[in-house]
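Remember, predicted model here, so these are calculated numbers, not experimental data. Per chain, numbering begins at 1; letters A, B, ... match sequence-line order.
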Amino acid sequence: MDMGVFAVLAQDGITNGAVYALLAMALVLVFSVTRVIFLPQGEFIGYGALTVAALQSGQYPRLVSLLMAVGALTFCVELGTALYNKRYKPVPKLHLMWSAIENLAYPALIWVLARSIGWQDMPMAAQIAFALAMTIPLGIMIYRVAFQPMAEASVLVLLIVAVGVHFAMLGLGLFIFGPEGSTTRSFTEWSTEIGAMLVSGQSLVVIAVSLVMIGALYVFFDRSLYGKALRATAVNRKGAQLVGIGTSQAGRMAFGLAAGLGSLAGVLIAPLNTVGYDTGFVVALKGFVAAIVGGLASYPLAAAGAALVGLLESYSSFWASAYKEVIVFTLIIPVLAWRSLTSGHGDEE
Amino acid sequence: MNRRQMLNTLAAACLLAVSAVNHAQAQTVTVGVTVSSTGPAASLGIAEKNTIELLPKTLGGLPVNYVILDDASDPTAAGKNARRFADADKVDAIIGSTTVPGSLAVAEVANEAQIPQIALAPFPPKQPQWIFPLPHSIAVMSSALFEEMKKRHTTTLGFIGFSDAYGEAWLKDVEKRAEQNGIKLVGVERYARSDQSVTAQALKLTSAKPDAIFIAASGTPAALPMRALRERGFKGQFYQTHGAANNDFLRVAGNSDEGVILPTGLVLVAEQLPDSNPSKKVGLAYLQTYEAKHGAGSRSPFGAYAQDAYLLLDKAVATVGKKATPGTPEYRAALRDAIEKTSNLPLTHGQNTMSATDHSGLGEAARVLITIEKDAWKLLK
């Protein structure tokens, strides 16, 4: 292998690693705040990418219909809970009103926007923003419907619920997007040569977006009050509740961010290869391997793990492409062995 | 007519109608259809299901009842569906399933219950008696490609395929045929359906400098290696398998797909066939019905396999005629024999001739090589 090949593979690996980093961040975020292993992450990859593809081809993004349906379901859950608890506390009218705005009026607004604006002529950034405006609330609604009612359950129960949500979203994905994948327009056709290496603008965009998101998350967790509340919930749930942090607010925030990061990852890979409704799962699993490297707790370690997974994937594709997936997923075994040897048994539950 | 008379007439009419229905039921052919309209094979299964739904209400002149079930691309579910067809629905024939593992599961039941099965996936059945795997076998498609390679004096070939059963089956065939034809296989690479990049594999393949590259993949991900290889400066000929022959592939391949050569059944290019080809009429009739319902350009070779399964059964049921009553073991045996005797029957994919040893029937008369010119399929001259 000469230097040129080595550099091309490195570029390829880092680009893939940047996508895995976003997914690993989201997984760590959701797990540390809510203890949910966020399997449906993969579906958000498909939802985000396919919605942008639909917007670009001038089709009505059918995700809006799903958003309206799930919104209505969420409102029903809120209303049902309020009525059920009527014996113990008065019906929280203000809360219900907010819920109606969030879950009924907002999806309707998105529907109006989807119908009235010719999205295919808009700049790509606007299309992406509009797709995120659909997937992020969807993540929050899923948290409200599936996970919030059992926030105190054990990790295993939450995992089983996550598996259920994963399959439900997979089936819905097939129903609303159809079985075939799509690609989106590339972000840029620009490319430059550094030495013998061709650097594509596409991979620079992916890496830049990923770095900006990691930086933004760092600032958010370190500087803002909301971010600190999330961290407090992650460190100690009971303690956070005692000092007046709303843990369900934190959960909503975590799921919203995770859904956003997941669909952003989907948007980033869509110009490179076709993304179908079921593509995301394997990609998200690689993000999961990266998150495991970080022990599902550390953001910098997870980012490093993502780079490792990306590079390992790229080099093993070159040397032994038939065993590439085996090599990438086998990485998890030495990592787990090393972690369990070094961390002892103090961190159960 | 007084009131009592009228009631009597009414009652008589009702009786007549009921007995007519009973009579018709006894003569109704029941066909069980299990396809994978959800799960990983959905892109094929949905086209098949759409086709079955558009079929006429008669089969070989008899009224027909299709029991359509989804097996979610899961062999266990396909086997269960077949069991239901045999035990509860008492079907006369089974169409399905979409995938090879699913079809194998159905075949087990079909052999045991002695029901003729027309599978929509290609595989060599272990006990072929009741099993008719209709689609073109890999050998039929692959020999066409290698003939073309010889014509073009290809001496070195690179291979990149899915790291799953599809890629593996093709690799075995390509290795064998390359040796027979004196073509040197200079590089073998694999990738997964969900990969975002095959840059590494493309680098390695281009460094081996093959004359042509063979891509064994299906659906839209089949376009990925072509893009990556062109980016890396590969100028040679691409060969694809019939797994790539659908319009979604055209949509995503962009400019890298011009001139690629792949084999397919006749239906994809029915309009370009000479009028003398008997499959042209059959193919066009199917395409007209299908595209009227599902939009222009929605055609899929996989949906056409389902149509061909119907055409086979249609002919066989007509041949059996009144020799046996539907729903009986004798009828199923007669139907099986009739299917095996199919000879030069024009299907949408081409003419079909079965024999005791060839239960697919789609041979050299049922394949063409096509290429892509200006983003459209063109018959290769």
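- Evaluated for a side chain to side chain contact (heavy atoms under 4.5 Å, CB included) with B:Thr199, the options A:Asn16, A:Val8, A:Thr15 yield exactly one hit, A:Val8.
- The choice from A:Ile269, A:Thr183, A:Val19 that makes the most heavy-atom pairs within less than 4.5 Å of chain B is A:Ile269.
- For chain A, no part of B:Ser207 is nearby; none of its heavy atoms comes within less than 4.5 Å.
- Your options are A:Val275, A:Val282, A:Asp278, A:Thr274, and the one with the most heavy-atom pairs under 4.5 Å with chain B is A:Thr274.
- Within a 6.0 Å radius of NZ in B:Lys204, more than 12 heavy atoms belonging to other residues, nucleotides or ligands are found.
- Between A:Leu174 and B:Ser37, the closest heavy-atom pair is CD2-O, 3.9 Å.
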B:Val198/A:Ser317 under side chain to side chain contact (heavy atoms under 4.5 Å, CB included): CA gap, chis, key distance, verdict: CA-CA 8 Å; B:Val198 289; A:Ser317 299; over 6 Å; no
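- A:Ser321 places a side-chain N or O within donor-acceptor distance of the main-chain N or O of B:Arg190, the cut-off being under 3.5 Å.
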CA sep, side-chain torsions, deciding dist, call: A:Glu313, B:Asp195, side chain to side chain contact (heavy atoms under 4.5 Å, CB included): CA-CA 10 Å; A:Glu313 193 182 10; B:Asp195 279 358; 4.2 Å; yes
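- In this structure, the portions of B:Leu203 lying under 4.5 Å from any heavy atom of chain A include both its backbone and its side chain.
- Closest of all the heavy-atom pairs between B:Ser194 and A:Val283 is O-CG2, 4.3 Å.
- Heavy atoms from other residues, nucleotides or ligands lying under 6.0 Å from OH of A:Tyr60 number more than 12.
- More than 12 heavy atoms of other shown residues, nucleotides or ligands fall within 6.0 angstrom of atom CD in B:Glu291.
- Heavy atoms of B:Arg193 lying under 4.5 Å from chain A belong exclusively to its backbone.
- Nearest heavy-atom pair, B:Ala200 versus A:Phe318, reported as atom, atom and distance to 0.1 Å: O-CD1, 3.3 Å.
- Contacts of A:Tyr277 with chain B are made by side-chain atoms alone, with heavy-atom separations under 4.5 Å and no backbone atom involved.
- The contact between A:Ser182 and chain B is made by backbone and side chain atoms together, counting heavy-atom distances below 4.5 Å.
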